[in-house]
Every structure is written in C-alpha cells, then in structure tokens.
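Here the structure comes first, spelled out in structure tokens, and everything after it is commentary.
Every heavy atom of this structure was used, including side-chain atoms; hydrogens, water molecules and symmetry mates were not. Read the numbers this way: they start at 1 and go in the same order the structure lists the ligands and their atoms.
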Amino acid sequence: MISITQATEQDLPLIRDIAYQTWPNTFGEILSPNQISYMLEMMYSLGSLNAQINEKKHVFLLAKDTDSDEYLGYVSYELDYTGQSLTKIHKIYLLPASQGKGVGRLLIDQVASIAIRNNNTRLGLNVNRYNKAIQFYERMGFLVVGKEDIDIGDGFLMEDFVMEKPLNP
Ligand SMILES: CC(C)(COP(=O)(O)OP(=O)(O)OC[C@H]1O[C@@H](n2cnc3c(N)ncnc32)[C@H](O)[C@@H]1OP(=O)(O)O)[C@@H](O)C(=O)NCCC(=O)NCCS
C-alpha cells in the first residue's frame with residue numbers, strides 16, 4: 001500500500017536524496033550535466049528546501065510503500081499562489097523504479113483534494129517543454145496554457161510549458 005504524509009524539516013535530506021537519484025534520469029537527455037548540478041544546488045540544498053517550507057509556504061508530501069517502508073517520491077505545492085485561487089505544484093518526482101505504477105496519479109489527486117478543500121479552483125505547474133511528463137499531466141487533465149523561458153542565472157534557461165487543470169469540487 002502507498003501512504004502519503006506531509007514532510008517535516010527532518011525529511012528534507014530524504015527529499016534531497018530522492019531528487020539527486022531522479023534528476024539525472026529525468027533530465028540527462030534534456031539538460032547539460034552542468035545545468036543539472038546548478039539547478040539541484042539551487043532547488044535542493046538544505047538551505048533552499050528550508051526556505052521553501054518555512055518562508056515560501058511550500059508543502060511537501062511524501063509517498064511511501066508501507067510494505068517495504070521505502071519512500072518513493074514527493075510532491076510540493078503552494079496554495080493561493082500569487083494571491084490567485086490557484087494551487088501551484090512546484091515539484092513532483094518519483095524514484096525511477098517507482099514510476100509508471102500509479103503513484104504520480106495518487107499524489108496529484110491528493111493535492112487536488114487539498115486544493116479544493118482550500119477553495120482553490122485550479123492546479124498549475126511548469127514543465128520542461130521536452131519532458132515526457134507532459135503526457136502524464138495531460139492524462140491527469142492538465143492543458144498547456146502558456147510557454148515561459150526563465151533565466152535562472154549562470155547562462156542557464158528553463159524552457160517551460162505552463163499547464164493548468166480546472167478543479168471541480
Ligand atoms: C511524472 C511522474 C511524476 C508521473 O508519475 P507516475 O507514477 O510515473 O505516473 P502514473 O503511473 O501515476 O501515471 C498516470 C497515468 O499517466 C500515464 N502516463 C504516465 N507517464 C506517461 C508518459 N510518459 N506518457 C504517456 N502517459 C503517461 C499513465 O499511463 C497513466 O495513465 P492511466 O492511468 O490511464 O493508466 C513520474 O513518472 C516521475 O517522477 N517522472 C520523473 C520526474 C519528472 O519528470 N517529474 C515532473 C517534473 S515537471
């Protein structure tokens with residue numbers, strides 16, 4: 001069985017470890033090794049993760065296999081993003097061996113019900129334009145609503161689609 005629980009500060013090293021195990025596999029054919037290292041440091045240093053949960057009000061949920069007691073991945077979200085009735089999904093990553101087994105769907109469904117309980121009417125996210133996760137999001141009911149190139153410093157660019165899913169209470 002899969003359990004989904006809210007992460008605390010003590011779980012941040014675990015989240016960082018899952019990211020470091022997942023990113024090379026996800027972005028190896030999309031981004032340069034230097035850009036992957038740069039983005040991992042920017043988004044997953046313990047200082048950065050701490051600021052995300054304590055200052056930016058991102059919430060991390062962890063998915064765990066209760067039979068093996070192993071953590072499989074995480075999602076992070078922010079309610080009322082930029083004052084809108086929008087819940088932004090900032091991150092969703094599952095270990096390579098745990099992908100394609102329905103856990104991503106469980107995490108999105110969980111965030112959707114939390115968003116609805118908080119009177120948000122849409123889920124939103126950014127995804128790299130070359131990431132096959134786009135097909136997963138489409139399957140989950142997201143649509144591409146825009147395109148964004150974000151300068152993240154050091155000459156690196158994030159080339160994203162913006163996707164949204166309307167929520168029905
Ligand atoms: C993207 C990710 C979170 C999806 O989670 P998942 O557990 O692998 O997906 P699920 O097994 O829950 O799939 C749900 C549905 O989407 C479909 N789907 C998933 N990945 C797909 C793909 N690449 N292409 C087409 N359909 C896909 C599944 O077939 C399934 O459809 P069904 O319910 O009709 O059978 C996961 O694969 C992952 O962590 N990938 C690497 C990291 C990443 O790219 N994260 C997103 C960054 S923006």
(request) Measure the distances from the heavy atoms of Tyr137 to every atom of ligand 1 and state whether one is below 4.0 angstrom. (result) yes
(message) Less than 3.5 Å apart, any donor N or O on the side chain of Glu159 or Asn128 sitting next to an acceptor on the other?
(response) no
(request) Determine, using heavy atoms of Gly73 and all atoms of ligand 1, whether some pair is separated by less than 4.0 Å. (result) no
(message) Measuring from atom CG of Leu123 to atom CD1 of Ile89, what distance do you get when rounded to the nearest 0.5 angstrom?
(response) 5.0 Å
(request) Check ligand 1 against Thr26 and write out every atom of the ligand that is under 4.0 Å from a heavy-atom position of the residue. (result) 41 (C), 42 (C), 43 (C), 44 (O)
(request) Look only at interatomic distance and state if Asn131 has a nitrogen or oxygen under 3.5 Å from any nitrogen or oxygen of ligand 1. (result) yes
(request) Look up atom 31 (O) of ligand 1 and tell me if a protein heavy atom lies less than 4.0 Å from it? (result) yes
(request) For atom CD of Glu29, decide whether the heavy atoms of other residues, nucleotides or ligands shown that lie under 6.0 angstrom number more than 12. (result) no
(request) Between Gly102, Ala133, Gly104, flag the one that comes closest to atom 11 (O) of ligand 1 by a heavy atom. (result) Gly102
(message) As a check for students: among Phe136, Phe27, Tyr93, identify the option with a heavy atom nearest to atom 27 (C) of ligand 1.
(response) Phe136
(request) Give a yes-or-no answer on whether the side chains of Thr66 and Ser3 include a donor-acceptor pair shorter than 3.5 Å. (result) no
(message) Can you see whether Glu41 engages Ser37 through a side-chain donor-acceptor pair at a distance of less than 3.5 angstrom?
(response) no
(message) Testing the 3.5 Å rule here: is there a donor-acceptor pair between the side chains of Gln52 and Lys57?
(response) no
(request) Looking only at distances, please establish whether an N/O atom of ligand 1 is found under 3.5 Å from an N/O atom of Arg105. (result) yes
(request) For ligand 1, find out whether one of its N or O atoms is nearer than 3.5 Å to an N or O atom of Thr22. (result) no
(message) Does the plane of the ring in His90 sit parallel, tilted or perpendicular to the ring in His58? Use 30° and 60° as the thresholds.
(response) parallel
(message) Using heavy atoms and a 4.0 Å limit, tell me yes or no: is Met140 in contact with ligand 1?
(response) yes
